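Reviewing the structure listed below.
Every heavy atom of this structure was used, including side-chain atoms; hydrogens, water molecules and symmetry mates were not. Fair warning: this is a prediction, and the values are worked out from it, not measured in the lab.
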Amino acid sequence: MVHMARNMRVPPNSASLAEAKKRTLEFFRMCCRSIPEIMEIYNLYDVVSPSQLRSAVAAEVRKNSNVTDPNVIDMLLFKGMEELKNCVDHSKQRHHLVGKYVVGNQGLVQDLGHKDQGSSNFLRNFYSSNYF
């Protein structure tokens, strides 16, 4: 399955929006099929599960769901294929994937709320000052 991702080539331009959406779905399926191999290559089992990584990839694809121009969709697919090829070919390091798909862009991080400002007067004054 991963050999498909390694032998990718740039597809011709999409003739219509329906064709571009079909290619996007095929690309997403190719990404999902290569997730187990990527998990194995980068030893990501201690950081994220395959289903969580699949959800992060789906979020990346859905991020551009409002694009309706087939040429722009083709360009985004090309960038996505390049990213997938770099991951499969081990052109990235582990922290690149963890930073982008596990922690970054509010991927799987749930607690981004307001931090505790401290219970002592000293800490409250420190946090409200301009010295940091």
Between Val72 and Val67, the two heavy atoms sitting closest are CG1-CG1, 3.5 Å
Which pair of non-hydrogen atoms, one from Ser14 and one from Ala20, has the smallest distance, and what is that distance?
OG-CA, 3.5 Å
Just checking Glu26: does its CD atom have more than 12 heavy atoms from other residues, nucleotides or ligands closer to it than 6.0 angstrom?
yes
Ser34 and Leu84: which non-hydrogen atoms are nearest, and at how many Å?
OG-CD1, 3.3 Å
Take Leu17 and Ile73 through the side chain to side chain contact (heavy atoms under 4.5 Å, CB included) test and state the conclusion after the steps.
CA-CA 9 Å; Leu17 182 61; Ile73 293 173; 3.6 Å; yes
Asp46/Arg94 salt bridge by N-O under 4.0 Å criterion
yes
Take Val102 and Gln52 through the test side chain to side chain contact (heavy atoms under 4.5 Å, CB included) and record every step on the way to the result.
CA-CA 8 Å; Val102 178; Gln52 289 172 323; over 6 Å; no
So, for Arg23 and Leu77, which heavy atoms are closest and what is the spacing to 0.1 Å?
CB-CD1, 3.6 Å
Using a 3.5 Å distance criterion without hydrogens, assess whether the side chain of Asn86 forms a donor-acceptor pair with backbone atoms of Ser91.
no
Mind checking whether Val88 and Glu37 have side chains closer than 4.5 Å, heavy atoms only?
no
As a quick check of understanding, evaluate side chain to side chain contact (heavy atoms under 4.5 Å, CB included) for Val57 and Cys32, giving each step before the final call.
CA-CA 8 Å; Val57 171; Cys32 289; 5.7 Å; no
With ring-ring contact (aromatic ring centres under 6.0 Å, His included) as the rule and sequence neighbours excluded, what pairs involving residues 47-66 come up?
none
Across all chains, not counting sequence neighbours, the salt bridge (Lys or Arg N to Asp or Glu O under 4.0 Å) partners of Glu83 are Lys92, Lys100
Rounded to the nearest 0.5 Å, what separation is found between the CD1 atom of Ile35 and the SG atom of Cys31?
7.0 Å
Residues in ring pair (Phe, Tyr, Trp, His ring centres under 6.0 Å) contact with His90, at least two apart in sequence or another chain:
Tyr42
Is there a path of hydrophobic side-chain contacts, each under 4.5 Å between heavy atoms of I/L/V/M/F/W/Y residues, joining Met30 to Met75?
yes
Give me the atom names and distance for the closest heavy-atom approach of Phe27 to Met81.
CE1-N, 3.6 Å
State the CG-CG distance between Asp74 and Asn13, to the nearest 0.5 angstrom.
5.0 Å
Hey, is OH on Tyr45 packed in by over 12 heavy atoms from elsewhere, all under 6.0 Å?
yes
Can you find a pair of side-chain heavy atoms, one from Leu97 and one from Ile38, that are under 4.5 Å apart?
yes
Would Lys85 and Glu82 count as a side chain to side chain contact (heavy atoms under 4.5 Å, CB included) if you check the C-alpha gap in whole Å, the side-chain angles of each, and the deciding distance to 0.1 Å?
CA-CA 5 Å; Lys85 184 168 175 33; Glu82 185 178 22; 5.8 Å; no
Can you list the steps and then say if Glu60 with Lys63 is a salt bridge (charged side-chain N to carboxylate O under 4.0 Å, His left out)?
CA-CA 5 Å; Glu60 287 288 321; Lys63 186 169 63 173; 3.3 Å; yes
